[in-house]
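All remarks here apply to the structure that follows.
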Amino acid sequence: MARVVQKYGGTSVANVERIKAVASRVVKRKQAGDDVVVVLSARAGDTDRLIELAKEVSPSPDPRELDMLLATGEQITVALFCMAVKDMGYGAISLTGYQAGIMTDDHFGEARISSINTETIMEHLRDGKIVAVAGFQGYDASGNITTLGRGGSDTTAVALAAALGAEICEIYTDVDGVYTTDPNICSKARKLKRISYEEMLEMASLGAKVLHARAVEFGMKYNVPILVCSSFVDTPGTLVTQEDPTMEKFIVSGITYTKNVARITITDVPDVPGMAARIFEPFAKEDINVDMIIQGSSGVPGRANISFTVSKNNYKKAVSLVEDVSRKIGAGEVLGDDGISKVSIVGVGMKSHSGVAEKMFAALARENINIMMISTSEIKISCVIDEKYTELAVRVLHDAFELHKDPNGAFFEKEEKFDR
Ligand code: ASP
Ligand code: MG
């Protein structure tokens with residue numbers, strides 16, 4: 001008998017038929033003798049609709065009240081799910097984040113889980129019930145309802161799996177695993193059998209939308225194996241787990257891209273201590289995430305150019321912040337470009353191989369794709385390019401690193417896909 005946490009995303013519980021189908025899946029697992037805790041998302045589109053509704057009432061809704069509203073989406077699905085399970089003759093109980101003991105900080109809309117008191121869940125499991133927990137929500141020290149950020153139900157599930165000491169956290173979604181790259185733009189993309197937490201974390205924060213990045217962080221920290229699989233077809237999913245030292249590593253495991261990036265350059269910044277701090281201070285205050293930052297010579301002695309990227313929806317705001325600082329510190333012009341994207345290669349094998357960056361740059365050069373910015377970490381290299389070349393860049397990199405080849409059985413064959 002194992003203890004498992006299963007999470008079903010919005011498309012998996014989108015309507016009454018789907019909710020009933022999920023209930024039968026879970027009941028089957030229960031019949032097999034496992035203790036099952038189920039985490040559900042809101043029905044697909046519900047969270048968006050609630051946000052729209054709030055905006056009809058108020059142009060910038062009060063954050064506390066917005067979380068109160070958004071948390072209702074997940075309450076709908078857990079309640080309906082438990083009704084369905086009970087009609088199949090099994091015990092079930094739905095719990096809100098608060099009832100499930102999921103405590104967070106008080107950062108409405110982006111709250112982080114601080115602790116989980118599993119007593120209530122454990123009690124119901126001991127009673128033989130299937131426990132359904134509303135994903136994406138918790139409560140803060142003052143008892144306010146909080147939400148964990150878009151896509152946060154993944155994080156609820158993995159954090160619960162860690163707290164409950166579950167053997168595995170299964171994430172059921174509308175894709176059937178983690179691919180070498182987006183199969184929608186690269187027909188040669190292959191599904192990975194397994195991927196390390198470290199690689200998955202890079203892929204998730206780089207825009208591969210299969211898993212919430214915080215969920216992967218939890219998995220890595222508490223060593224919870226996470227299985228990403230489909231609730232629509234019965235195909236083996238991808239296991240996100242610790243790096244396997246016995247397996248021959250790929251140099252590159254995946255290629256990701258992020259569109260909607262904007263680049264801002266501030267020229268002729270006085271090259272003295274404290275300038276970067278002055279420029280980026282307002283960004284922290286406004287909660288605008290700055291991604292890559294590059295400082296280089298401006299050609300004028302004693303002056304530097306600083307370029308950085310932000311997401312496109314923060315572009316206008318960012319430009320106005322920088323124009324303001326530029327005047328104050330006596331820097332030059334502020335230049336911007338909001339039609340760019342970021343393409344990245346990710347792989348733990350990079351740690352022990354050289355020449356990876358050159359290979360990436362050469363592949364892009366062969367297609368005449370200009371690289372505007374470069375950033376690297378131990379297991380990732382990212383290049384900023386013109387947005388219109390994104391798909392092409394992904395495909396040539398997939399070819400250059402031969403991600404369609406399978407030297408050590410790391411992929412699933414296409415034939416293994418079958419509908420049930
Ligand atoms: N319902 C929330 C969202 O749409 C959380 C989730 O689905 O994970 O972002
Ligand atoms: Mg999701």
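Both counts, for ligands and for their atoms, begin at 1 and track the order of listing. Heads up: numbering here begins at 1 and tracks the sequence.
Considering backbone and side-chain N/O atoms, K7 never comes within less than 3.5 Å of an N/O atom of ligand 1. Of the N or O atoms in D154, none lie within a sub-3.5 Å distance of an N or O in ligand 1. Taking only nitrogen or oxygen atoms, main chain and side chain alike, G151 reaches within less than 3.5 Å of ligand 1.
Each of the following atoms of ligand 1 lies closer than 4.0 Å to a heavy atom of R150: 3 (C), 4 (O), 9 (O). Annotation for ligand 1: atoms under 4.0 Å from non-hydrogen atoms of S41 are 6 (C), 7 (O), 8 (O).
Legend: salt bridge (Lys or Arg N to Asp or Glu O under 4.0 Å) pairs involving residues 29-48, not counting sequence neighbours, sorted by first then second residue: R29-D34, R29-E170, K30-D35, R43-D46, D46-R49, D48-R150. Applying the salt bridge (Lys or Arg N to Asp or Glu O under 4.0 Å) definition to pairs two or more places apart or across chains, those involving residues 280-293 are E281-K285, E286-K317, D291-K342.
Within the 4.0 Å heavy-atom cutoff, G152 counts among the residues contacting ligand 1. Heavy atoms of G73 come nearer than 4.0 angstrom to ligand 1 in no pair at all. No heavy atom of H212 sits closer than 4.0 Å to any atom of ligand 1.
Relative to the ring axis of F232, R18 places its NZ or CZ within 45° and under 6.0 Å from the centre.
Aromatic ring centres of Y8 and F81 lie farther apart than the 6.0 Å criterion allows.
A distance of 14.5 Å separates CE of M200 from CZ of R194, quoted to the nearest 0.5 Å.
Listed for the S24 side chain is a donor-acceptor partner under 3.5 Å among the backbone atoms of K20.
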